[in-house]
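First comes the structure, then the notes that go with it.
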Amino acid sequence: MVKVNVGGCSSFVKDADYQNYVQKALAAYDVLMAESGPGNDFLGWKTLPVDIPDSLIDECEGIRDAWAAKDVDLVVVIGIGGSYLGARCAIEALSHGFIRKEGVPQIVYAGSNLSEDYLAELMDLAATRNTACVVISKSGTTTEPAVAFRIVKEYIEKTYGKAEAATRIVAITDAARGALKTLATQEGYKTFVVPDNVGGRYSVLTPVGILPIVLAGFDMRAMLRGAAAQREALLVKSEDNPAVQYAAMRNLLYAGLGKKVEVLVTFNPKLQYLGEWWKQLYGESEGKDGKGIFPASVVCTTDLHSMGQYIQEGERLLFETTVTVMNAHREVIVGPDEQNLDQLNYLAGRHVEHCNKMAQLGTKLAHIDGGVPQMDISVERLDEESLGALFYFFEFACGVSAYLLGVNPFNQPGVEAYKKNMFALLSKPGYEAQSEALLARL
């Protein structure tokens with residue numbers, strides 16, 4: 001279960017002001033629970049942990065087993081934004097940092113950029129491996145994943161033949177319409193549905209995240225159990241509800257103290273992509289109508305040697321939220337050294353994780369002294385259940401926080417602006433007339 005501690009903000013805010021924002025957060029909580037706010041047709045994520053049928057997990061495991069029988073050792077997951085960030089977060093958090101699990105394919109990602117070098121190097125890898133593909137797109141026409149899929153699909157068809165290629169490509173897409181759905185039907189791909197009432201950045205507990213996580217060899221049932229347990233806790237309306245506490249304090253710091261930037265901090269490098277997933281969730285949900293906290297992330301202690309100076313003494317526009325994993329899975333103990341040239345014998349016999357925790361506490365105190373409010377979000381251990389709980393907690397808290405802020409958490413009108421310009425500059429049919437005017441501005 002996720003725990004929230006806002007005590008590191010107590011020297012910056014008055015308790016009366018915090019209690020006022022707790023009441024505002026409870027009112028926003030009511031809007032989310034009553035499904036009466038803007039974007040209420042995109043609330044399917046709220047019940048996903050208890051709605052996902054076991055048969056869907058069985059289907060995903062069937063694909064895993066079928067590809068294992070073909071000795072597939074590379075799966076290219078094609079998607080952008082919420083179509084890959086949640087899965088990548090989970091897979092990187094749960095995987096061994098250096099050794100791939102035996103009998104499990106390597107998961108690589110495409111469709112999140114338009115870098116020619118990146119795609120060329122990915123195809124170099126595919127040429128040395130036994131390859132399959134999962135393509136994730138509601139429409140099938142989003143430029144970045146569509147370009148990547150065209151290239152990967154062509155390679156798989158040329159290498160294995162069209163009939164075999166159809167067994168090596170799975171599409172996660174709309175139930176009935178769109179270019180990818182049409183292609184999947186024509187080619188006979190296995191398909192899974194992205195629910196109409198779940199937006200991309202809230203989709204990690206749909207087939208969008210479930211299939212890649214299962215293919216990577218992890219226990220999706222446990223992740224759903226963790227999310228379901230967290231959901232039960234958040235359904236209790238209370239001033240002690242962790243989502244209410246988090247939403248209240250971050251909005252007080254933003255509106256009351258002018259803290260415009262929230263830095264998500266982890267002292268566990270396995271959670272780097274939690275920061276990437278969280279940035280999209282909160283940036284895309286809250287950054288509109290001239291409002292919103294800017295989401296940033298760091299991995300410490302590494303980034304204390306780069307961003308640490310700014311956080312400690314730069315402009316006082318930010319606060320930090322640290323995600324803490326309380327217990328490590330492994331043990332590494334610092335040994336003694338006869339010469340002690342590095343002067344570390346005072347640490348002899350101590351766990352490395354103890355050193356990490358003391359670095360975290362020391363950093364917290366230093367940053368409070370430097371004028372940076374601190375919140376802590378913690379889980380007991382980094383495993384499937386805890387990740388499921390974290391995913392659901394942040395999604396739920398985002399809905400509460402955005403409604404408190406006064407914006408629609410579930411739309412993203414601003415992301416279309418760059419696309420229109422890109423289409424014109426690429427001379428996409430229907431956009432050619434705008435190209436010359438845009439080039440003149442550059």
Side-chain angles (χ1 to χ4, degrees), residues 1-2 29-64 79 81-87 89-91 134 136-138 170-178 181 190-216 218-237 241-243 277 280-281 285 383-400 402-403 409-411:
M1 299 293 290
V2 174
Y29 176 97
D30 287 340
V31 172
L32 181 64
M33 292 304 297
E35 302 189 357
S36 58
N40 58 14
D41 49 343
F42 283 94
L43 291 172
W45 57 270
K46 285 175 57 186
T47 57
L48 283 173
V50 294
D51 283 349
I52 295 296
D54 203 55
S55 59
L56 191 150
I57 311 296
D58 289 341
E59 286 186 72
C60 293
E61 291 173 342
I63 293 167
R64 178 199 63 194
S83 294
Y84 91 105
L85 281 171
C89 166
I91 291 167
V134 176
I136 306 166
S137 176
K138 284 278 282 186
V170 174
I172 303 175
T173 188
D174 191 86
R177 59 188 181 275
K181 173 60 178 175
K190 172 69 177 176
T191 62
F192 292 92
V193 173
V194 183
D196 285 337
N197 61 352
V198 179
R201 58 190 178 274
Y202 293 84
S203 67
V204 63
L205 299 179
T206 73
V208 168
I210 292 172
L211 178 58
I213 292 167
V214 167
L215 291 173
F218 299 111
D219 186 351
M220 197 64 220
R221 291 180 178 85
M223 191 172 294
L224 288 168
R225 284 197 303 271
Q230 189 63 52
R231 175 178 178 271
E232 284 300 310
L234 297 179
L235 289 179
V236 178
K237 183 182 177 182
N241 184 303
W277 173 83
Q280 189 206 357
L281 178 64
S285 295
D383 56 20
E384 288 94 335
E385 289 197 18
S386 292
L387 276 172
L390 278 170
F391 285 139
Y392 195 86
F393 165 78
F394 277 124
E395 289 175 351
F396 194 98
C398 187
V400 174
Y403 280 142
F410 308 112
N411 68 352

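Sequence positions, counted from 1, serve as the residue numbers for this chain.
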Approximate separation, where rounding is to 0.5 Å, of M220 CE and I52 CD1
8.0 Å
Would a 4.5 Å heavy-atom cut-off, applied to side chains only, mark I213 and I91 as touching?
yes
For E384 and F218, indicate whether the former's side chain and the latter's backbone hold a donor-acceptor pair under 3.5 Å.
no
Between F391 and W277, what is the ring plane arrangement, given parallel below 30°, perpendicular above 60°, and tilted in between?
perpendicular
Could you grab the distance from atom CE of M223 to atom CD1 of I210, nearest 0.5 Å is fine?
9.5 Å
So, taking the atom named CG in L224 and the one named CD in E385, what distance separates them when rounded to the nearest 0.5 Å?
10.5 Å
Which atoms form the tightest heavy-atom contact between E395 and S203, and what is the distance?
OE2-N, 4.5 Å
Derivation of the side chain to side chain contact (heavy atoms under 4.5 Å, CB included) call for R231 and L48:
CA-CA 10 Å; R231 175 178 178 271; L48 283 173; over 6 Å; no
Do you know which two heavy atoms are closest between S83 and G79, and how far apart they sit?
CB-CA, 4.0 Å
For D41, the side chain to side chain contact (heavy atoms under 4.5 Å, CB included) test, sequence neighbours excluded, returns none
With sequence neighbours excluded, residues passing salt bridge (Lys or Arg N to Asp or Glu O under 4.0 Å) with D219
none
Tell me whether D58 is salt-bridged to R221, with the criterion being a basic N under 4.0 Å from an acidic carboxylate O.
yes
Listed by chain and number, what are the side chain to side chain contact (heavy atoms under 4.5 Å, CB included) partners of E232, not counting sequence neighbours?
L235
Heavy-atom closest pair, residues V208 and G82
CG1-O, 3.6 Å
F396: which residues meet the ring-ring contact (aromatic ring centres under 6.0 Å, His included) condition with it, sequence neighbours left out?
Y29
For A229, what residues pass the side chain to side chain contact (heavy atoms under 4.5 Å, CB included) criterion, not counting sequence neighbours?
M1
Closest approach of V214 to R64 (non-hydrogen atoms, all atoms of both residues):
O-CD, 3.6 Å
About how many Å separate CG of N241 and CG of L234, when rounded to the nearest 0.5 Å?
5.0 Å
Could you give the distance from NZ (K190) to CD (E59), rounded to the nearest 0.5 Å?
3.5 Å
Closest non-hydrogen atoms of T173 and S137, given as atom of the first, atom of the second and distance, are OG1-O, 2.7 Å
Given 3.5 Å as the limit, does a donor-acceptor pair link the side chain of Q230 with the main chain of V2, or not?
yes
Between S386 and D383: side-chain donor-acceptor atoms closer than 3.5 Å
yes
Between the CZ atom in F410 and the OH atom in Y202, the distance rounded to the nearest 0.5 Å is 4.5 Å
Should K46 and E35 count as side-chain neighbours, where that means a heavy-atom distance under 4.5 Å?
yes
Checking A402 now: which residues fulfil side chain to side chain contact (heavy atoms under 4.5 Å, CB included) with it, not counting sequence neighbours?
E286, V407, P409
Going by heavy atoms in the side chains, are F192 and V170 under 4.5 Å from each other?
yes
Do K138 and D196 make a side-chain contact, defined as non-hydrogen atoms from C-beta onward lying under 4.5 Å apart?
yes
Between A228 and V50 the two heavy atoms that sit nearest each other are CB-CG1, 4.1 Å
Measure the shortest side-chain to side-chain distance between L43 and L32 over non-hydrogen atoms and say whether it is less than 4.5 angstrom.
yes
